[in-house]
Asks: 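Below you'll find the structure I mean.
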Protein chains: 2
Amino acid sequence: MKLTTRGRYAVTAMLDLALNGEQGPVSLAAISQRQDISLSYLEQLFAKLRKNELVASVRGPGGGYRLSRDREHINVADIISAVNESTDSTSCQGKGDCQNGEACLTHQLWDDLSQQIHTFLSGISLGALTARREVKVVSERQARAGAKDSDIYTETLVNAKALNL
Amino acid sequence: MKLTTRGRYAVTAMLDLALNGEQGPVSLAAISQRQDISLSYLEQLFAKLRKNELVASVRGPGGGYRLSRDREHINVADIISAVNESTDSTSCQGKGDCQNGEACLTHQLWDDLSQQIHTFLSGISLGALTARREVKVVSERQARAGAKDSDIYTETLVNAKALNL
DNA sequence: ATTTACCCGACTAAAAGACTCGGGTATTTA
DNA sequence: TAAATACCCGAGTCTTTTAGTCGGGTAAAT
């Protein structure tokens with residue numbers, strides 16, 4: 001598991017897609033403008049996202065990308081792994097230079113941690129992230145208006161809490 | 001929060017220190033050999049770890065480094081932040097190029113996620129990681145020997161569970 | 001004194017990151 | 001069917017980060 005700006009770009013773009021993809025496909029040009037990411041770079045990222053079946057493309061005018069499944073079933077670990085493919089983590093496994101037991105021990109400890117991070121990020125879906133944002137926006141709006149909770153908002157709040165967000 | 005091989009080196013070195021520092025300070029040369037990390041690179045990393053008061057140095061023959069506080073009170077987020085200092089995350093904050101509201105929205109969502117990752121890693125101490133390893137080792141040993149739980153091992157097992165590891 | 005081992009800044013090769021460029025091809029609409 | 005849209009894709013480039021070397025220090029122990 002690696003966490004760089006590349007992964008940030010990918011998650012940002014996917015969030016944009018989740019937020020703006022309700023009515024039909026979203027073009028990369030639109031995402032490029034809104035998120036200030038270069039179009040060609042987006043194309044590269046989406047090529048990998050498509051290969052990993054996180055998005056589907058629609059060609060021609062009016063085309064673009066859409067999420068391949070609903071936002072609740074796409075998690076952050078999926079996205080980051082997809083765009084980071086190719087560069088393996090070059091752990092001691094595979095190479096023969098891990099003769100003494102001590103090195104293997106800490107390497108395994110690191111792999112263990114890495115696995116924990118992956119599991120953690122697997123538990124955060126695009127839907128959960130956007131819902132959390134909704135909760136914030138709504139709670140601010142409510143604070144200003146002094147309004148009472150409505151059913152849909154308390155529901156997302158409960159969901160967010162259940163997801164430990 | 002950024003997660004690269006540099007952070008992995010730092011955590012690995014700190015784990016080595018936690019495992020081998022019971023009897024006096026550990027020299028960087030020893031860590032360098034065991035973990036196969038260049039000595040000079042370790043010096044750079046430890047300069048930052050020392051500035052952040054995660055380790056303390058002992059100069060002269062027989063000297064080296066020791067953890068500045070016990071392993072339960074040093075967490076993974078501390079270590080990674082320490083060695084990644086300087087390179088800011090260049091989010092939209094600070095720069096003026098975040099005029100339209102849409103960009104800010106997803107940027108904030110990312111910052112939100114980043115914060116969650118940080119909180120998660122803050123909850124994992126060096127002690128917890130090494131304890132988890134102990135649990136594995138012990139459980140394997142027990143599986144081979146068919147032995148019964150001893151008090152100290154069940155204790156660490158319970159600790160690990162409490163920490164959600 | 002000499003050895004050990006931390007301390008520190010400057011420099012550098014190689015890799016990764018973040019693009020650009022220039023050509024495609026599928027699909028829609030006029 | 002021509003034109004426009006927008007995906008598709010490989011190759012090249014500039015910049016930053018990584019990981020490491022080099023060469024000199026300084027504090028402490030034997």
Side-chain angles (χ1 to χ4, degrees), chain A residues 2-13 17 20-21 24-52 54-66 68 80 82-90 97, chain B residues 2-13 17 20-21 24-68 80 83-91 97:
Chain A
K2 221 166 48 169
L3 206 56
T4 63
T5 48
R6 180 203 215 81
R8 194 187 103 210
Y9 278 133
V11 172
T12 300
L17 201 50
N20 299 100
V26 179
S27 73
L28 292 188
I31 299 177
S32 172
Q33 280 202 321
R34 275 193 296 265
Q35 306 305 331
D36 195 37
I37 306 173
S38 111
L39 179 60
S40 303
Y41 197 42
L42 275 177
E43 285 182 340
Q44 288 173 43
L45 295 179
F46 273 76
K48 297 193 174 191
L49 293 172
R50 193 169 61 93
K51 248 175 231 143
N52 284 269
L54 298 176
V55 297
S57 68
V58 181
R59 300 180 76 156
Y65 285 93
R66 56 180 176 76
S68 66
I80 291 175
V83 298
N84 280 345
E85 265 178 355
S86 79
T87 52
D88 52 356
S89 49
T90 48
D97 55 304
Chain B
K2 219 167 50 170
L3 205 57
T4 63
T5 47
R6 182 203 212 78
R8 194 188 103 209
Y9 278 131
V11 172
T12 299
L17 201 49
N20 297 100
V26 178
S27 73
L28 292 189
I31 299 177
S32 172
Q33 280 202 321
R34 274 192 296 264
Q35 305 307 330
D36 195 36
I37 307 173
S38 109
L39 179 61
S40 303
Y41 196 43
L42 276 177
E43 286 183 341
Q44 288 173 44
L45 295 178
F46 273 77
K48 296 192 174 190
L49 293 172
R50 192 171 61 93
K51 252 178 225 138
N52 285 267
E53 298 182 323
L54 297 176
V55 298
S57 67
V58 179
R59 300 180 75 158
Y65 286 93
R66 56 181 177 76
L67 299 180
S68 65
I80 292 174
V83 297
N84 281 344
E85 264 179 356
S86 79
T87 53
D88 50 358
S89 48
T90 47
S91 174
D97 55 305

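Since the structure is predicted, the reported quantities are computational estimates derived from the model, not experimental observations. Naming convention: chains lettered A, B, ... in sequence-line order (proteins, then strands); numbering from 1 in each chain.
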Asks: Grab the CG-P distance between B/Leu39 and C/dC8 for me, whole Å please.
Replies: 15 Å
Asks: So which one's nearest nucleotide on DNA chain C is more toward 5', B/Ser40 or B/Ser27?
Replies: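 This one resolves to B/Ser27.
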Asks: In terms of relative ring orientation, are B/Tyr41 and B/Tyr9 parallel, tilted or perpendicular, with 30° and 60° separating the classes?
Replies: perpendicular
Asks: Within this structure, what is the CD-to-P distance between A/Glu43 and C/dG24, rounded to whole angstrom?
Replies: 16 Å
Asks: Taking the side chain from B/Ser32 and the backbone from B/Ile37, do they hold a donor-acceptor pair closer than 3.5 Å?
Replies: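 Present.
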Asks: Measure from NZ on B/Lys2 to P on C/dA16 and round the result to the nearest Å.
Replies: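 Rounding to the nearest Å, NZ of B/Lys2 and P of C/dA16 are 15 Å apart.
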Asks: Rounding to an integer number of Å, can you tell me how far A/Arg6 CZ sits from C/dA15 C1'?
Replies: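 In whole Å, C/dA15 C1' lies 13 Å from A/Arg6 CZ.
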Asks: Is a side-chain donor or acceptor of A/Thr12 paired with a backbone partner of A/Arg8 at a separation under 3.5 angstrom?
Replies: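 Yes.
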Asks: Counting just side-chain N and O atoms, does A/Lys51 come under 4.0 Å of either OP1 or OP2 of D/dC9?
Replies: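 Looking at the OP1 and OP2 atoms of D/dC9, neither is under 4.0 Å from any side-chain N or O of A/Lys51.
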Asks: Tell me what A/Ile37 touches on the nucleic acid: a base, only sugar-phosphate, or nothing, going by heavy atoms under 4.0 Å.
Replies: nothing
Asks: OH of A/Tyr65 versus C1' of C/dT27: gap in Å, rounded?
Replies: 15 Å
Asks: Would you say D/dA19 has OP1 or OP2 under 4.0 Å from some side-chain N or O of B/Thr5?
Replies: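 Answer yes for this pair, as a side-chain N or O of B/Thr5 is under 4.0 Å from OP1 or OP2.
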Asks: Taking OP1 and OP2 of C/dC19, is either one under 4.0 Å from a side-chain nitrogen or oxygen of A/Tyr9?
Replies: yes
Asks: In terms of the nearest nucleotide of DNA chain D, which residue is placed more toward the 5' end: A/Gly62 or B/Val58?
Replies: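 Mapping each residue to its closest nucleotide by heavy atoms, the 5'-most match is A/Gly62.
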Asks: For B/Glu53, does the CD atom sit with more than 12 other heavy atoms under 6.0 Å from it, leaving out its own atoms?
Replies: no
Asks: Confirm from the modelled atom types if A/Gln44 and C/dC19 form a donor-acceptor pair under 3.5 Å, side chain to base only.
Replies: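 Under the 3.5 Å cut-off, the side chain and the base do form a donor-acceptor pair.
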Asks: Just to confirm, is there a sub-4.0 Å distance from OP1 or OP2 of C/dC8 to any side-chain nitrogen or oxygen of B/Arg50?
Replies: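 Yes, because at least one side-chain N or O of B/Arg50 sits under 4.0 Å from OP1 or OP2 of C/dC8.
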Asks: Is there a donor and acceptor pair, one atom on the side chain of A/Arg59 and one on the base of C/dT28, closer than 3.5 Å?
Replies: no
Asks: Does C/dA5 have its OP1 or OP2 closer than 4.0 Å to a side-chain nitrogen or oxygen of B/Ser57?
Replies: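 So the side chain of B/Ser57 is outside the cut-off, no N or O lying under 4.0 Å from OP1 or OP2 of C/dA5.
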Asks: Could you state the CG-C1' distance from B/Leu42 to D/dT21, rounded to the nearest angstrom?
Replies: 14 Å
Asks: I'd like to know if the side chain of B/Arg6 reaches the main chain of B/Asn84, judged simply by a donor and an acceptor atom lying under 3.5 Å from each other, with no hydrogens or angles considered.
Replies: no
Asks: Counting side-chain heavy atoms from C-beta on, which of D/dA4, D/dC7, C/dT20 comes nearest to A/Ser38?
Replies: C/dT20
Asks: So if I take every side-chain heavy atom of B/Tyr41 and compare against C/dC19, D/dG25, D/dA19, which nucleotide ends up nearest?
Replies: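 Among C/dC19, D/dG25, D/dA19, the one nearest the side chain of B/Tyr41 is D/dA19.
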Asks: Between A/Gly63 and B/Thr4, which has a closest nucleotide on DNA chain D that is more 5'?
Replies: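 Whichever sits nearer the 5' end wins; that is A/Gly63.
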Asks: Say you draw a straight line from OG of A/Ser27 to CD of A/Gln33; how long is it, rounded to the nearest 0.5 Å?
Replies: 8.5 Å
Asks: Rounded to the nearest Å, what distance is computed from the CG atom of residue A/Leu45 to the C1' atom of nucleotide D/dC8?
Replies: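 For the pair A/Leu45 CG and D/dC8 C1', the rounded distance is 14 Å.
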Asks: How many whole angstroms separate atom CZ of A/Arg66 from atom P of D/dC7?
Replies: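 Value for this atom pair: 13 Å.
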